[in-house]
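Down below is the structure, laid out as structure tokens.
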Amino acid sequence: MADQSPKPETFELNNGSMQVLLSNLGCTIISLSVPGKDGLLSDIVLGLESVESYQKGLAPYFGCIVGRVANRIKDGKFTLDGIQYSLPINKPPNSLHGGNVGFDKKVWEVVEYKKGNTPSITFRCHSHDGEEGYPGDVTVTATYTLTSSTTLRLDMEGVPKDKPTIVNLAQHTYWNLAGHNSGNILDHSIQLWANHITPVDENTVPTGKIMPVKGTPFDFTSENRIGNTISQVGLGYDHNYVLDCGEEKEGLRHAAKVRDPSSSRVLNLWTNAPGVQFYTANYVNGVQGKGGAIYGKHAGLCLETQGFPNAINQPNFPSVVVRPGEKYQHTMLFEFSLE
């Protein structure tokens, strides 16, 4: 039976201190506004003018949740329990972010929407057996909650029905803490609680090695300005960091701290995922954004907490297999402050 397909709409979460605009198209964060040092709210995520623009595919994964499997799967092939599966090669020679019609292009249903001091919204989608080449039916939910005055929490879950599958969801927001239309993020500084990365081949797929960052331009174990080292890593950063040294609180690990000197805004990110893709918008080039903004290279940065890319084909990476009776659970906590 076909789902009665919901329409793409927008929804606001507002607790009086911060304001988030979301769409059920791809569970997308369209805007997120928090105060800067002047006390004024600024929108700090890259986005498009209208839901229609997202529907036309004009955004390079701005603000959405990607899946069934985020990031790259080498050659679009994997084997699970002895069966080989082939996926769409939508980013040759690999499959990227769930294929041609990933979760970012689906219109999710809204199952709960709460106002008040801790407003929240829960989106749900069903992905059927064979969809984009993936095995097994799976039901996915994503709940965005404003848990305190300037904190956003995202809880993602995936429940397989009766066949094992692979699940790795990522939230693909592009952040610019100075304001979405303020230029590039090269003056932002970042700290990543990661002593290692998974180095990649010429097609941006991990080789399977786990490489120490010490003594390389990938070392953000102490806070450093992004612009200081970005020219040493080719087009820019687009790498999976192994989250292996962050302190823990409430089951989440400290993954990243980003600071913008011009506005004094700080983002601290906590997660239960094993890795984070640090991406500096290397391929963004003249994208027409909201409010007349034109986004160029390095206009934002992404911190996509995730299972490791291509994990299904790398036995030494943490598993992304989810079997019936198990549940995929992924939480991200975005804490905004001034410093």
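Along the sequence shown, residues carry numbers from 1. Values below: all heavy atoms of this structure, side chains included; hydrogens, waters and symmetry mates excluded.
- Among residues two or more places apart in sequence or in another chain, the side chain to side chain contact (heavy atoms under 4.5 Å, CB included) test is passed with Q84 by K77, T79.
- Remark: side-chain polar atoms of N94 are not paired, donor with acceptor, to backbone N or O of L96 under 3.5 angstrom.
- Side-chain contact check for N176 and S182: at least one donor-acceptor pair (N or O, by modelled atom type) lies under 3.5 Å.
- H254 and W270 have parallel rings, their planes meeting at less than 30° on a 0 to 90° scale where 60° marks the start of perpendicular.
- Annotation: side chain of Q314 is not in contact with side chain of F308 (no heavy-atom distance under 4.5 Å).
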Without placing hydrogens or testing angles, list every side-chain donor-acceptor pair under 3.5 Å for residues 192-199, not counting sequence neighbours.
{"from": "H196", "atom 1": "ND1", "to": "D244", "atom 2": "OD2", "distance (Å)": "2.7"}
{"from": "T198", "atom 1": "OG1", "to": "N240", "atom 2": "O", "distance (Å)": "3.4"}
{"from": "T198", "atom 1": "OG1", "to": "N240", "atom 2": "ND2", "distance (Å)": "3.1"}

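- For E250, the CD atom counts as loosely surrounded, since its 6.0 Å shell holds 12 or fewer non-hydrogen atoms of other residues, nucleotides or ligands.
- No side-chain heavy atom of R265 sits under 4.5 Å from any side-chain heavy atom of E339.
- Within a 6.0 Å sphere centred on CG of N100, other residues, nucleotides and ligands contribute more than 12 heavy atoms.
- You'll find the ring centres of F62 and Y295 inside the 6.0 Å limit.
- Residue pairs meeting the side chain to side chain donor-acceptor pair (under 3.5 Å) criterion with at least one partner in residues 206-216, sequence neighbours excluded, are absent.
- In terms of the side chain to side chain contact (heavy atoms under 4.5 Å, CB included) criterion, residue partners of N71 (sequence neighbours excluded) are, by chain and number, Q277, Q306, P309.
- In this structure, the separation between OG on S120 and CG on L146 is 8.5 Å, given to the nearest 0.5 Å.
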Practice item. Test side chain to side chain contact (heavy atoms under 4.5 Å, CB included) on K290 and H180 and set out the steps. Key: CA-CA 9 Å; K290 56 196 170 188; H180 75 97; 3.6 Å; yes
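- To the nearest 0.5 Å, the span separating CH2 on W108 from CD1 on I121 amounts to 12.0 Å.
- Between Y54 and I30 the shortest side-chain heavy-atom distance falls below 4.5 Å.
- Taking CD1 of I190 as the start and CD1 of I185 as the end, the distance is 8.5 Å to the nearest 0.5 Å.
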Point to revise | side chain to side chain contact (heavy atoms under 4.5 Å, CB included) between T143 and T145, worked out | key: CA-CA 6 Å; T143 301; T145 309; 3.6 Å; yes
Practice item. Please assess F11 against Y113 for the test ring-ring contact (aromatic ring centres under 6.0 Å, His included), listing each intermediate value before the final yes or no. Key: CA-CA 9 Å; F11 305 87; Y113 183 27; 5.5 Å; yes
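- Sorted by first then second residue, the side chain to side chain donor-acceptor pair (under 3.5 Å) pairs that include residues 17-32, not counting sequence neighbours, are E12-Q19.
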Exercise for review: Please assess H239 against F278 for the test ring-ring contact (aromatic ring centres under 6.0 Å, His included), listing each intermediate value before the final yes or no.
Suggested key: CA-CA 6 Å; H239 296 77; F278 172 41; 8.8 Å; no
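- Side chains of Y61 and D104 form a contact here, defined as non-hydrogen atoms less than 4.5 Å apart.
- One hydrophobic cluster holds both Y237 and L267 under the rule that ILVMFWY side chains link at heavy-atom gaps under 4.5 Å.
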Review point. Please walk me through it: do E132 and K106 pass salt bridge (charged side-chain N to carboxylate O under 4.0 Å, His left out)?
Key: CA-CA 12 Å; E132 294 295 306; K106 290 170 75 95; over 6 Å; no
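- We find that K327 and E157 are joined by a salt bridge, their nearest charged nitrogen and carboxylate oxygen being less than 4.0 Å apart.
- Applying the salt bridge (charged side-chain N to carboxylate O under 4.0 Å, His left out) test to D137 and every residue at least two apart in sequence or in another chain returns nothing.
- For D75, there are no salt bridge (charged side-chain N to carboxylate O under 4.0 Å, His left out) partners, not counting sequence neighbours.
- Of the options V107, T141, V140, L22, a side chain to side chain contact (heavy atoms under 4.5 Å, CB included) to F123 is made by L22 and by none of the others.
- Proximity of T271 to L333: side-chain heavy atoms (C-beta onward) are nowhere separated by under 4.5 Å.
- Residue pairs that meet the salt bridge (charged side-chain N to carboxylate O under 4.0 Å, His left out) test with at least one member in residues 223-234, sequence neighbours left out, are D187-R225, E223-K257, E223-R259.
- For D129, the CG atom is densely surrounded, since the number of other residues' heavy atoms within 6.0 Å is greater than 12.
- To the nearest 0.5 Å, atom OG1 of residue T150 and atom CG of residue N15 are 8.0 Å apart.
- Scored by the salt bridge (charged side-chain N to carboxylate O under 4.0 Å, His left out) test, D81 finds R323 as partners (sequence neighbours excluded).
- Rounded to the nearest 0.5 Å, atoms SG (C27) and CD1 (I65) are 4.0 Å apart.
- In this structure the side chain of T10 reaches within 4.5 angstrom of the side chain of V51, judged on heavy atoms.
- The side-chain heavy atoms of L154 and M332, taken from C-beta on, include a pair separated by under 4.5 Å.
- Under the 4.5 Å side-chain criterion, counting only non-hydrogen atoms from C-beta, M18 is in contact with L32.
- Residues Y279 and Y241 do not share a hydrophobic cluster, defined by chaining ILVMFWY side chains whose heavy atoms lie under 4.5 Å apart.
- Residue pairs that meet the salt bridge (charged side-chain N to carboxylate O under 4.0 Å, His left out) test with at least one member in residues 27-40, sequence neighbours left out, do not exist here.
- By the side chain to side chain contact (heavy atoms under 4.5 Å, CB included) test, K56 pairs with L58, sequence neighbours left out.
- No continuous path of ILVMFWY side-chain contacts below 4.5 Å connects V66 to V276, so the two sit in separate hydrophobic clusters.
- Under 3.5 Å, the side chains of Q171 and Y144 contain a donor-acceptor pair of N or O atoms.
- R68 and S127 are linked by a side-chain donor-acceptor pair at a separation below 3.5 angstrom, with hydrogens and angles left out of the test.
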**Study point:** Derivation and outcome, side chain to side chain donor-acceptor pair (under 3.5 Å), residues T331 and D155
**Key:** CA-CA 5 Å; T331 294; D155 293 290; 2.7 Å; yes
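- Under the 30°/60° scheme for interplanar angles, the aromatic rings of Y328 and H330 are found to stand perpendicular.
- Under a 4.0 Å N-O distance rule, the pair R124/E109 qualifies as a salt bridge.
- Residues satisfying the salt bridge (charged side-chain N to carboxylate O under 4.0 Å, His left out) criterion with K249, sequence neighbours excluded, are E335.
- A donor-acceptor pair is defined here as one N or O able to donate and one able to accept, closer than 3.5 Å; no such pair exists between the side chain of D238 and the backbone of T280.
- Using a distance-only test at 3.5 Å, with no hydrogens or angles considered, a donor-acceptor pair links the side chain of S263 to the main chain of L177.
- The local environment of CD in E326 is crowded, with over 12 non-hydrogen atoms from other residues, nucleotides or ligands closer than 6.0 Å.
- One distance of note links CG of N168 with CE of M156; it measures 9.0 Å at 0.5 Å rounding.
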